[in-house]
Amino acid sequence: MDMNAFSLKGKIAWITGASYGIGFAIAEAYAAAGATIVFNDINQELVDKGLAAYKEKGIEAHGYVCDVTNEEAVQALVKQIEAEVGVVDILVNNAGIIRRIPMIEMSAAEFRKVIDVDLNAPFIVSKAVIPSMIKKGHGKIINICSMMSELGRETVSAYAAAKGGLKMLTRNICSEYGEANIQCNGIGPGYIATPQTAPLRERQADGSRHPFDQFIVSKTPAARWGTPEDLQGPAVFLASDASNFVNGHILYVDGGILAYIGKQP
Ligand code: NAP
Ligand code: GCO
């Protein structure tokens, strides 16, 4: 096998919401594999923070302010990226939010907001890049899904609904555009230590570990939280020619959570 199939040399990769966290780690890996990095985030402060962090790693990233829920802004940004950098070969729909609120206390507006960022935005951004991918003859779209694409738990009804929907959007993009040589796959991260999950790992007043932290470690065969770096290898694989016949698949990177019924108390 030609190991260059794993290379991303000459490719342009756009990772949404990638100033820090999982998106940043994926972008870092893509740059190491040879790709040119484009990212956006919701405000200038985050983009500047991201640009500085990429620079520190020796990566010349192209950073833009763009709210991925705003279709007009996304369409304009795609035109700008194509003019300033080139046609996007690899899109990672990473930007996401969570609201942990019991369902009967959650307003419809809060529910809609989560669906808007975590499900409608991947539709909006994918729709904006697919026409140029078709013209170019290839494209890779990677949607960042979740354990909640498969499982439920208290307080995350909107997030689970969105990430479950994102799994099916992934399969539908594969179904509609596979013939155009576009591969659309998902990555389902397990519990990853990032600012998004920091409240679930906060130390208790007495210095002991958060009960949810203990619960996740006991529920994960790997017996630890994941790190953003754990997602790098799978993300490079799904962006590279090495995965050209992998389509509509959700690759769970969860230390084994979905395989495991849990420890007997
Ligand atoms: P994060 O630390 O919260 O980063 C997400 C980024 O997206 C932030 O920079 C955020 O900006 C940005 N963003 C939010 N709304 C946006 C919008 N409308 N337009 C543009 N950017 C926007 O999250 P993460 O933990 O790295 O997670 C990244 C992705 O992985 C998310 O889709 C998340 O659901 C998913 N995921 C995370 C875990 C985990 O355990 N951490 C597990 C499974 C899946 P702000 O800082 O302003 O919010
Ligand atoms: C939660 C978590 C999750 C994770 C992740 C799991 O409150 O249960 O925040 O939903 O972030 O998406 O894969």
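Every number for a ligand or one of its atoms is a count from 1 in the order of the listing. Along the sequence shown, residues are numbered consecutively beginning with 1.
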**Student:** Does the ring centre of Phe24 sit less than 6.0 Å away from the ring centre of Phe39?
**Tutor:** no

**Student:** What about Gln196: any of its N or O atoms under 3.5 Å from an N or O on ligand 2?
**Tutor:** yes

**Student:** I'd like to check the salt bridge (Lys or Arg N to Asp or Glu O under 4.0 Å) partners of Lys113; sequence neighbours left out, ordered by chain and number.
**Tutor:** none

**Student:** What part of Asp254 sits under 4.0 Å from ligand 2 if we count only heavy atoms: the side chain, the backbone, both or neither?
**Tutor:** neither

**Student:** Considering only non-hydrogen protein atoms, determine which one is nearest to atom 6 (C) of ligand 2 and report residue, atom name and distance to 0.1 Å.
**Tutor:** Ser146 OG, 3.5 Å

**Student:** Heavy-atom distances under 4.0 Å decide this one: backbone, side chain, both or neither, for Ile192 against ligand 2?
**Tutor:** neither

**Student:** Test of understanding: with salt bridge (Lys or Arg N to Asp or Glu O under 4.0 Å), list the residues that count as partners of Asp230, not counting sequence neighbours.
**Tutor:** Arg224

**Student:** Does the pair Ile98 and Asp118 meet the rule for a side chain to side chain contact (heavy atoms under 4.5 Å, CB included), with working shown?
**Tutor:** CA-CA 9 Å; Ile98 191 165; Asp118 293 0; 5.7 Å; no

**Student:** Take Arg153 and Arg100 through the side chain to side chain contact (heavy atoms under 4.5 Å, CB included) test and state the conclusion after the steps.
**Tutor:** CA-CA 10 Å; Arg153 89 171 183 87; Arg100 298 184 186 95; 3.8 Å; yes

**Student:** Return yes if some donor-acceptor pair links the side-chain N/O of Asp254 with the main-chain N/O of Pro189 below 3.5 Å, else return no.
**Tutor:** no

**Student:** Quick one: does ligand 2 sit under 4.0 Å from the side chain of Arg153, the backbone, both or neither, non-hydrogen atoms only?
**Tutor:** side chain

**Student:** Using distance alone, decide if ligand 2 has a nitrogen or oxygen within less than 3.5 Å of any nitrogen or oxygen in Leu200.
**Tutor:** no

**Student:** What are the distances between nitrogen or oxygen atoms of ligand 1 and protein nitrogen or oxygen atoms, counting only those under 3.5 Å?
**Tutor:**
{"residue": "ligand 1", "atom": "9 (O)", "partner": "Asp41", "partner atom": "OD1", "Å": "3.2"}
{"residue": "ligand 1", "atom": "9 (O)", "partner": "Asp41", "partner atom": "OD2", "Å": "2.8"}
{"residue": "ligand 1", "atom": "11 (O)", "partner": "Asp41", "partner atom": "OD1", "Å": "3.3"}
{"residue": "ligand 1", "atom": "18 (N)", "partner": "Asp67", "partner atom": "OD1", "Å": "2.9"}
{"residue": "ligand 1", "atom": "19 (N)", "partner": "Val68", "partner atom": "N", "Å": "3.1"}
{"residue": "ligand 1", "atom": "25 (O)", "partner": "Thr194", "partner atom": "OG1", "Å": "2.6"}
{"residue": "ligand 1", "atom": "26 (O)", "partner": "Ile22", "partner atom": "N", "Å": "2.9"}
{"residue": "ligand 1", "atom": "32 (O)", "partner": "Asn94", "partner atom": "O", "Å": "2.7"}
{"residue": "ligand 1", "atom": "32 (O)", "partner": "Lys163", "partner atom": "NZ", "Å": "2.9"}
{"residue": "ligand 1", "atom": "34 (O)", "partner": "Tyr159", "partner atom": "OH", "Å": "2.6"}
{"residue": "ligand 1", "atom": "34 (O)", "partner": "Lys163", "partner atom": "NZ", "Å": "3.1"}
{"residue": "ligand 1", "atom": "40 (O)", "partner": "Ile192", "partner atom": "N", "Å": "2.8"}
{"residue": "ligand 1", "atom": "40 (O)", "partner": "Ile192", "partner atom": "O", "Å": "3.2"}
{"residue": "ligand 1", "atom": "41 (N)", "partner": "Ile192", "partner atom": "O", "Å": "3.3"}
{"residue": "ligand 1", "atom": "41 (N)", "partner": "Thr194", "partner atom": "OG1", "Å": "3.1"}
{"residue": "ligand 1", "atom": "46 (O)", "partner": "Tyr20", "partner atom": "OH", "Å": "2.7"}

**Student:** Could you check whether Glu82 and Ser132, counting side-chain N and O atoms only, form a donor-acceptor pair closer than 3.5 Å?
**Tutor:** yes

**Student:** If you apply the rule side chain to side chain contact (heavy atoms under 4.5 Å, CB included), what do you find for Thr36 with Val85, and how did you get there?
**Tutor:** CA-CA 8 Å; Thr36 298; Val85 191; 3.9 Å; yes

**Student:** Taking only heavy atoms of Gly190 into account, list the atoms of ligand 2 that are under 4.0 Å away from them.
**Tutor:** 6 (C), 13 (O)

**Student:** Quick one: which of Tyr191, Phe212, Tyr159 has a heavy atom closest to atom 2 (C) of ligand 2?
**Tutor:** Tyr191

**Student:** Is it true that the NZ or CZ of Lys49 lies under 6.0 Å from the centre of Tyr20's six-membered ring and within 45 degrees of the ring axis?
**Tutor:** yes

**Student:** Just jot down the side-chain hydrogen bond (donor to acceptor under 3.5 Å, both in side chains) partners of Gln214, sequence neighbours excluded, or say none.
**Tutor:** none

**Student:** I want to check something: taking the side chain as every heavy atom from C-beta on, are Glu150 and Lys167 in contact at a cut-off of under 4.5 Å?
**Tutor:** yes

**Student:** Among all protein heavy atoms, pick the one closest to atom 9 (O) of ligand 2 and tell me residue, atom and distance.
**Tutor:** Arg100 NH2, 2.6 Å

**Student:** Would you say Met147 and ligand 2 have an N/O pair spaced under 3.5 Å apart?
**Tutor:** yes

